[in-house]
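Here the structure is laid out as structure tokens; the discussion comes afterwards.
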Amino acid sequence: MAEPKTNELMEKIVSLCKRRGFVFQSSEIYGGIQGFWDYGPLGSELKRNVKELWWNAMMRAREDVVGLDATIIMHPQIWRASGHVDTFSDPMCDCLLTKRRFRADQIEPQSGIAYHYSGASDPSTGKQVAEPYSVLLPPGKPPESARRTATQFYAGRGLAQVELQGERTEKVEGSTRYNPENGSLLTEARPFNLMLKTYVGPVADEDNIAYLRPETAQAIFAQFKNVLETSRQSVPFGIGQIGKAFRNEVTPRNFTFRSREFEQMELEFFIRPDEAVEVLAGGVAQAAAGGWKGSPASDWGWEVWHKYWVEQRVQFYEDIGLPRTSLEEYWQKPEELAHYARATVDILFKFPFGTQELEGIAARGDFDLSQHQKHSGKSMEVFEEELKNAWGRLEEAKRQDLLRRTTEARLQALRKKGVAEAEAGPQAAAEAKAFVDKLARGVYIPHVIEPSAGADRLILALICHAFHEEEVTDDKGKKETRVVMRFHPRVAPIKVGVFPLLKNKPELVRKAGEVRDLLRPHMSVFYDDAGAIGRRYRRQDEAGTPFGVTIDFDTLGETPDLKETVTLRHRDSMKQERVPITELVARLTAAIRGA
RNA sequence: GCGGGCGUAGCUCAAUGGUAGAGCUCCAGUCUUCCAAACUGGCUACGAGGGUUCGAUUCCCUUCGCCCGCUCCA
């Protein structure tokens, strides 16, 4: 699709969201607030449906996943353990000349001669600019080029003619204060902390700082032991949670796609480390064998589990109306992975503004639980009698082989982290021995597979995917545009519209009310008796209501054969059929579940 | 946070240094028959604040929001 077209399309979608009550700007009457959005009547139904479908698919339909609903504000130590306090704040600085922005910690150190200026004046007007400025000149470049750059800078400060003042030079080694591209001085580095801060308790001082969670996952890790001990679950099992998260995004963009307050649907699925799987099952299933398409088996290691969850999640999207063709899987390359991740797959949706991430499914090893064990001093280990017994039955050669391979794996990991070879060897040996010793006693820290989805992004994807404009020709040959939201009936905010053909006939209205009350216990129903019937159908098209039921005089018995039947109108095809009222509930509930 | 563009009714678009107009939508009503029909009536706007002015939607400044680019997205 062409560029301007996609923007137009997005604008139409945003407009419809507001017009029909899917999404409003937060605090709109006060001018709005950037990066915050509200869901209106249709949007809140849609979101509720999506969250409920996720909860059902991930938890209620499974034996091995349980739920959690944790607080948004937690002990600040959680965010130290998780790494968010450190990694969520990036020092940034800008080029004074081009305004280009840099991560201050990623600028390559420069050497050369710095040309400092105290200011500049305009000889034609006498105007003065007292702002100091500097240019770094790489060795071998003529001084003129530094003066040209400085002139450009002061010209940008409003001088027509520039006379540089107070030039002096200085030798500079390994400085990160200058733009590597043009030598221009950069602004001071300013920290950007992406976590929203607040204070707990009445006194707002440093001791009381707390953070609004930037992800829901950490609460799951922090409550891992409590859930394990109360839920009658054992590894492998998962804990799922739906909840708000907050990030002080630098640039919220693309409608609700990147919001500062948003909702996540996260699962942490805890599994045995591959070594434990090997001891218990005698080997680890290979992902290449394709077992991840089936049901979980005892010999699954992290790779198969990871692929399994990717497949589960894609199937979920298919089930709620996002076909595979609208999605993309992006398997992160090894060099792109965060240090704690073994593999990460992004599930992307083709939005009108670009193909963007809906969900990330990461294999995170035991990083998170280990971090919390370290920081809290509380054990995150699990014990399996069965594992201890299996180890007892293991031949000595196999035990030694496992230790040798574990040591080798640790060594590789340490090398990758840049640990010096002399230290890496003994450290790897010690770590591997400690790990295998625990394994022998049936003890380990679980590893985790994390499918983490953005609820609001999914809502936006569903809205974008549902949006259709089509040319319709009416009886008189007049062409017009029909806007229809082709939501899957499962997620549609309203399942059925109920209409008396005419409002001014009490017997029609009464009968329509009866049909509405008949359907209401089973699904969300919208009753509408205002205006022409065609208008009411079209209104429901924009709301994405898949079915319409119309009560007419035949329903009342004007044509005896049609007594107690109604018109059932289908949103997508605009086809109509005659259906007995007694069959409506069964027909509609089947269509909503099935379709 | 930087640079550029934009901001009049729910939407699309007018006009004007003298107090805002249309079409569609929406609401109420008329209509015995199925895809935004017709007719009658009605509601609704100069993003916000300040300045200049007798008077500002219009000119100036600030601010907020939206779009695009930069940056960021563990």
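Lettering of chains follows the sequences in order, A, B, ..., and the numbering in each one begins at 1. Since the model is a prediction, treat every value here as computed from it, not as a measurement.
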*Scan residues 559-575 of chain A against RNA chain B and write down, sorted by residue number, each residue with any heavy atom closer than 4.0 Å; if none is found, say none.*
A:Thr567, A:Arg569, A:Met574
*Have a look at A:Asp541 and tell me which of A:Arg571, A:His468, A:Arg482 forms a side-chain hydrogen bond (donor to acceptor under 3.5 Å, both in side chains) with it.*
A:Arg482
*In whole Å, what separates the P atom of B:A38 from that of B:U63?*
48 Å
_Could you identify the nucleotide paired to B:C43, looking across every strand shown and requiring Watson-Crick or G-U wobble geometry with both distances under 3.5 Å?_
none
*Round to a whole Å and report the spacing from CG of A:Leu508 to C1' of B:C31.*
13 Å
*Has the side chain of A:Arg253 got a donor or acceptor atom sitting under 3.5 Å from an opposite partner on the base of B:G69?*
yes
*What's the closest nucleotide to the A:Thr550 side chain, out of B:A37, B:C34, B:A36?*
B:C34
*Considering only the P atoms, how many Å lie between B:U44 and B:G21, rounded to the nearest integer?*
12 Å
*Could you tell me whether the side chain of A:Asp552 has a donor or acceptor atom within less than 3.5 Å of a complementary atom in the base of B:C34?*
yes
*Could you work out the separation of B:A48 and B:A56 based on their P atoms and round it to a whole Å?*
14 Å
*Complementary nucleotide of B:A9, counting Watson-Crick and G-U pairs under 3.5 Å*: none
*Between A:Phe270 and A:Phe224, what is the ring plane arrangement, given parallel below 30°, perpendicular above 60°, and tilted in between?*
tilted
*Round to a whole Å and report the spacing from CZ of A:Phe353 to C1' of B:C73.*
14 Å
*Between A:Asn254 and B:C68, does any side-chain N or O lie under 4.0 Å from OP1 or OP2?*
yes
*Please state the P separation for the pair B:U8 and B:C46 - nearest whole angstrom.*
11 Å
_When you measure from the side-chain N and O atoms of A:Arg535 to the phosphate of B:A37, is any distance below 4.0 Å, counting only OP1 and OP2?_
yes
_Could you tell me how far B:G50 sits from B:C64 if I compare only their C1' atoms? Round to whole Å._
14 Å
_Side-chain donor-acceptor contact under 3.5 Å, A:Ser175 with A:Gln110_ = no
*Is any N or O donor-acceptor pair between the side chain of A:Glu542 and the base of B:A36 shorter than 3.5 Å?*
yes
*Is there a Watson-Crick or G-U wobble partner for B:A38 with both distances under 3.5 Å, and if so, which one is it?*
B:U30
_Upstream residue (5' side of RNA chain B) when A:Gly531 and A:Gly534 are each assigned their closest nucleotide_ = A:Gly531
*With rounding to whole Å, what would you report as the distance between B:U12 and B:U62 at their P atoms?*
28 Å
_As a test of reading the structure: which of B:A36, B:A28, B:C72 is closest to the side chain of A:Arg20, going by heavy atoms?_
B:A36
_Atom-pair distance (CG on A:Leu194; P on B:G1), nearest Å_ = 14 Å
_Listed nucleotide nearest any side-chain atom of A:Trp37, set B:U32, B:C66, B:C34_ = B:C66
*Kindly point out which of B:U32, B:C11, B:C35 is positioned nearest to the side chain of A:Lys18?*
B:C11
_From A:Ile271 atom CD1 to A:His306 atom NE2, the distance as rounded to the nearest 0.5 Å_ = 10.0 Å
*Nearest-angstrom distance from the residue atom CD1 of A:Ile33 to P of B:A48*: 19 Å
*asked:* I'd like to know if A:Gln576 reaches the base of B:C34 with its side chain such that a donor and an acceptor end up less than 3.5 angstrom apart.
replied: yes
*Spacing of A:Met380 atom CE and A:Ile445 atom CD1 [to the nearest 0.5 Å]*: 9.0 Å
*Can you tell which of A:Lys244, A:Arg457, A:Lys47 makes a side-chain hydrogen bond (donor to acceptor under 3.5 Å, both in side chains) with A:Glu263?*
A:Lys47
_With a 3.5 Å limit on both atom pairs, tell me what B:A56 is paired to, counting Watson-Crick and G-U wobble, or say none._
none
*Less than 4.5 Å apart, any side-chain heavy atom of A:Val509 and any of A:Tyr527?*
yes
*Round to the nearest Å and state the distance from A:Arg258 atom CZ to B:C68 atom P.*
12 Å
*asked:* Does B:C31 have OP1 or OP2 under 4.0 Å away from a side-chain N or O of A:Lys505?
replied: no
*Does B:G3 have a Watson-Crick or wobble partner in any strand here, with both distances under 3.5 angstrom, and which is it?*
B:C68
*Under 4.0 Å between any heavy atoms, over every strand shown, what does A:Phe499 touch: base, sugar-phosphate, or nothing? Just pick one.*
nothing
*Give one of base, sugar-phosphate or nothing for A:Lys12, where a contact means two heavy atoms less than 4.0 Å apart.*
nothing
*B:U19 pairs with, by Watson-Crick or G-U criteria that keep both distances under 3.5 Å*: none
*Below 6.0 angstrom between ring centroids: does that apply to A:Phe547 and A:His570?*
yes
_Side-chain N,O (A:Gln25) to OP1/OP2 (B:G65) below 4.0 Å_ = no
*Angle class for the A:Phe351/A:Phe257 ring planes (parallel below 30°, perpendicular above 60°, tilted otherwise)?*
perpendicular
*Would A:Glu514 and A:Lys511 pass as an ion pair if we require N to O under 4.0 Å?*
yes
*B:U12 OP1/OP2 closer than 4.0 Å to side-chain N/O of A:Arg19*: no
*Closest-nucleotide ordering on RNA chain B, the 5'-leading residue of A:Asp528 and A:Glu357*: A:Asp528
*A:Leu502 CG to B:G29 C1': how many Å, rounded?*
14 Å
*How are the rings of A:Phe269 and A:Trp305 set relative to one another: parallel (under 30°), tilted (30 to 60°) or perpendicular (over 60°)?*
tilted
_Rounded interatomic separation in angstrom, taking CG from A:Leu196 and C1' from B:C73_ = 15 Å
*Distance, P atom - from B:C34 to B:G41, rounded to whole angstrom*: 26 Å
_Proximity to the side chain of A:Glu249 - top-ranked nucleotide from B:G29, B:C72, B:G10_ = B:C72
*Whole Å only: how far is the CZ atom of A:Phe255 from the P atom of B:C67?*
9 Å
*Provide the distance between the two P atoms, one in B:U53 and one in B:G47, to the nearest whole Å.*
24 Å
